[in-house]
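Computed from heavy atoms alone, side chains included, the values below leave out hydrogens, waters and symmetry copies. Computed from a predicted structure; not experimentally measured.
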Amino acid sequence: MRKSLSLLATGIVTALALTACGGSSTPSAQVTTLDPAKPATLKVGASPVPHAKILEFVNQELAPKAGLKLDIKEIEDYQTPNTALSDGSLDANFYQHLPWFEDQVKTKGYKFGHGEGVHIEPYAAFSEKVKNIKDVKDGAKVAITNDPSNQVRALKVLQVSGLLKDIKDDTSVLTLSDAQNPKKLKFSENQPELLINDLKDPSVDLALINGNFILKAGLSTKNALAVESVDNNPYANFLAWREDSKDDARIKKLDELLHSPEVKAFIQKEWPNGDVTPAF
């Protein structure tokens, strides 16, 4: 089962929205064993691509034999999946990487656990004005995410490209010094899901976009001006759950299936150019 949620651009969606799509604000009862004859349902929130697509593969090809049935909720923004997981509208979510997860847990007090990385979607820079990153002019306008954990990631892509210098893990567009920003780039912050729109803005020279939104827009990193390296990349996406669900057999089994050879082969076949790369 795969169900889409229509989300506000602000990313503010209540548990009622999930309930209207077939979810519930009451956490599912813990499951201790799985029986293929009576599959147990697990509600999982995920970004539409590649996360929900990977979950669909698991649901169709691997879950039935394991006694598991996935109720997949597609969610566009980055706030709702954790809100819904915390309030029990979801049993698990699959969309986030460790820096984002740690920031959410620290700032919002979530009691979550998580699995190992499943895949990496490299960050990338796109432009409808220039064909080479070296052609970006002094004072160019750069559209960038307002999410701190991903903003520094985007800044490091610009650093590797030679547009910025000496980017630290706590650097932001607000703290950039003249020495770090020798080309005097001008930054425009926006919500990550809206950066595709910024790419088409005539005033924007360069846009740095999260991998899942690259895929959703039908773009590819092969056409990007700069692409984040996947080597030793700390931004692998994983399955997350509430701490009180860590022993649930459904969650353990899904995390196991997400790290199966079959899923690895599916990712490599579905995204052969590296837009999505297995992390295991």
Derivation and outcome, salt bridge (charged side-chain N to carboxylate O under 4.0 Å, His left out), residues Glu76 and Lys216: CA-CA 10 Å; Glu76 298 282 355; Lys216 189 173 186 298; 3.6 Å; yes
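- Side chains of Asp87 and Ser89: a donor on one and an acceptor on the other come within 3.5 Å.
- Rounding to the nearest 0.5 Å gives a distance of 13.0 Å between CG of Leu185 and NZ of Lys141.
- With Thr83 contributing its side chain and Gln79 its backbone, the two residues share a donor-acceptor pair below 3.5 Å.
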Step by step, work out the side-chain contact (heavy atoms from CB on, under 4.5 Å) result for Leu163 and Asn181. CA-CA 7 Å; Leu163 299 182; Asn181 185 16; over 6 Å; no
Begin from the C-alpha positions of Glu189 and Thr145 and carry the test side-chain contact (heavy atoms from CB on, under 4.5 Å) through to its verdict. CA-CA 5 Å; Glu189 296 181 85; Thr145 181; over 6 Å; no
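- Lys129 NZ: more than 12 foreign heavy atoms inside a 6.0 Å radius.
- At a threshold of 4.5 Å between side-chain heavy atoms, the hydrophobic network of Ile, Leu, Val, Met, Phe, Trp and Tyr places Val160 and Leu225 in two separate groups.
- Residues Ser245 and Gln30 share a closest heavy-atom pair of CA-NE2, 3.2 Å.
- Every residue was checked against the salt bridge (Lys or Arg N to Asp or Glu O under 4.0 Å) condition with Asp255, not counting sequence neighbours, and none meets it.
- Using a 4.5 Å cut-off on side-chain heavy atoms (C-beta onward), Leu194 and Gln191 make contact.
- Side chains of Pro192 and Asn150 form no contact here, defined as non-hydrogen atoms less than 4.5 Å apart.
- Here the closest non-hydrogen pair linking Gln104 and Tyr95 is OE1-OH, 4.4 Å.
- None of Leu254, Leu70, Leu257, Leu68 except one satisfies the side chain to side chain contact (heavy atoms under 4.5 Å, CB included) rule with Leu62; the exception is Leu257.
- Atom CD of Glu116 has 12 or fewer heavy atoms from other residues, nucleotides or ligands within 6.0 Å.
- Separation of atoms CG (Leu208) and CG (Leu195) is listed at 8.0 Å; rounding is to 0.5 Å.
- The ring of Tyr78 has its center closer than 6.0 angstrom to the ring center of Phe213.
- Using modelled atom types, no side-chain atom of Asp201 and backbone atom of Asn197 make a donor-acceptor pair closer than 3.5 Å.
- Shortest non-hydrogen contact noted between Thr41 and Arg250 is O-NH1, 2.7 Å.
- The shortest non-hydrogen separation linking Pro122 to Asp275 is CD-O, 3.3 Å.
- Taking NE2 of His97 as the start and NE2 of His119 as the end, the distance is 10.5 Å to the nearest 0.5 Å.
- A donor-acceptor pair is defined here as one N or O able to donate and one able to accept, closer than 3.5 Å; such a pair exists between the side chain of Ser127 and the backbone of Asp205.
- You'll find the side chain of Phe112 reaches within 4.5 Å of the side chain of Leu85, heavy atoms only.
- Taking CZ from Phe126 and NZ from Lys200, the interatomic distance works out to 11.0 Å, rounded to the nearest 0.5 Å.
- In this structure, a donor-acceptor pair under 3.5 Å is absent between the side chains of Asn212 and His51.
- A side-chain donor-acceptor contact under 3.5 Å links Ser177 to the backbone of Gln180.
- For the 3.5 Å distance criterion, the side chains of Tyr123 and Asn210 qualify, holding a donor opposite an acceptor.
- Other residues, nucleotides and ligands contribute more than 12 heavy atoms inside 6.0 Å of the CG atom of Asn273.
- Note on Leu206 and Leu176: same hydrophobic cluster, where clusters join Ile, Leu, Val, Met, Phe, Trp and Tyr whose side-chain heavy atoms are under 4.5 Å apart, directly or indirectly.
- Looking at Lys156 and Glu228, no side-chain N of the basic residue comes within less than 4.0 Å of a carboxylate O on the acidic one, giving no salt bridge.
- A side-chain donor-acceptor contact under 3.5 Å links Lys183 to the backbone of Val136.
- Taken to the nearest 0.5 Å, the CG atom of Asp169 stands 13.0 Å off from the CZ atom of Arg153.
- There is a path of hydrophobic side-chain contacts, each under 4.5 Å, that joins Ile133 to Leu155.
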Begin from the C-alpha positions of Val230 and Tyr235 and carry the test side-chain contact (heavy atoms from CB on, under 4.5 Å) through to its verdict. CA-CA 9 Å; Val230 297; Tyr235 298 103; over 6 Å; no
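- No side-chain donor-acceptor contact under 3.5 Å links Ser47 to the backbone of Val49.
- In terms of heavy-atom proximity, Phe187 sits nearest to Ile144 at CD2-CG2, 4.1 Å.
- In this structure, Glu121 contributes its side chain and Val276 its backbone to no donor-acceptor pair below 3.5 Å.
- Considering only heavy atoms from C-beta on, Leu42 stays 4.5 Å or farther from Lys69 through its side chain.
- Side chain of Thr221 to backbone of Ala224: no donor-acceptor contact under 3.5 angstrom is found.
- Taking hydrophobic clusters as Ile, Leu, Val, Met, Phe, Trp and Tyr residues chained together by side-chain heavy-atom distances below 4.5 Å, Val44 shares a cluster with Phe57.
- Residues Asp91 and Asp248 have side chains not in contact (no heavy-atom distance under 4.5 Å, counting atoms from C-beta outward).
- Checked against a 6.0 Å centroid threshold, the rings of Phe238 and Phe101 count as neighbours.
- A salt bridge is absent between Asp71 and Lys43; no separation between the charged side-chain nitrogens and carboxylate oxygens falls under 4.0 Å.
- Of the charged side-chain nitrogens involved, at least one lies within less than 4.0 Å of a carboxylate oxygen, so that Lys253 and Glu256 count as a salt-bridged pair.
- By the salt bridge (Lys or Arg N to Asp or Glu O under 4.0 Å) test, Asp35 pairs with no residue at all, sequence neighbours left out.
- Judged by distance alone, with hydrogens and angles left aside, the side-chain atoms of Glu74 form no donor-acceptor pair with the main-chain N or O of Pro48 at under 3.5 Å.
- Contact annotation: the side chain of Thr171 never approaches that of Asp166 to less than 4.5 Å [non-hydrogen atoms, C-beta and beyond].
- Formation of a donor-acceptor pair under 3.5 Å by the Lys165 side chain with backbone atoms of Ala179 is not found in this model.
- Inspection of the Asp77 and Thr80 side chains reveals an N or O donor paired with an N or O acceptor under 3.5 Å.
- By the salt bridge (Lys or Arg N to Asp or Glu O under 4.0 Å) test, Asp244 is found to be paired with Arg242, residues two or more places apart in sequence or in another chain being considered.
- Between the CD atom of Gln151 and the CD1 atom of Ile167 there is a distance of 10.0 Å, given to the nearest 0.5 Å.
- Linking Ile, Leu, Val, Met, Phe, Trp and Tyr whenever their side-chain heavy atoms come within less than 4.5 Å leaves Leu239 and Val31 in two separate clusters.
- Using a 4.5 Å heavy-atom threshold, the side chains of Lys246 and Ile251 count as separate.
- Environment of NZ in Lys137: sparse, with no more than 12 heavy atoms of neighbouring residues, nucleotides or ligands closer than 6.0 Å.
- Residues Ile214 and Ala124 come closest through the heavy atom pair CD1-CB, 3.8 Å.
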Check the pair Asn93, Asn82 against side chain to side chain donor-acceptor pair (under 3.5 Å), reporting the backbone distance first and the verdict last. CA-CA 7 Å; Asn93 66 44; Asn82 279 341; 2.9 Å; yes
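- By the 4.5 Å heavy-atom criterion applied to side chains, Ile120 and Asn237 are not counted as neighbours.
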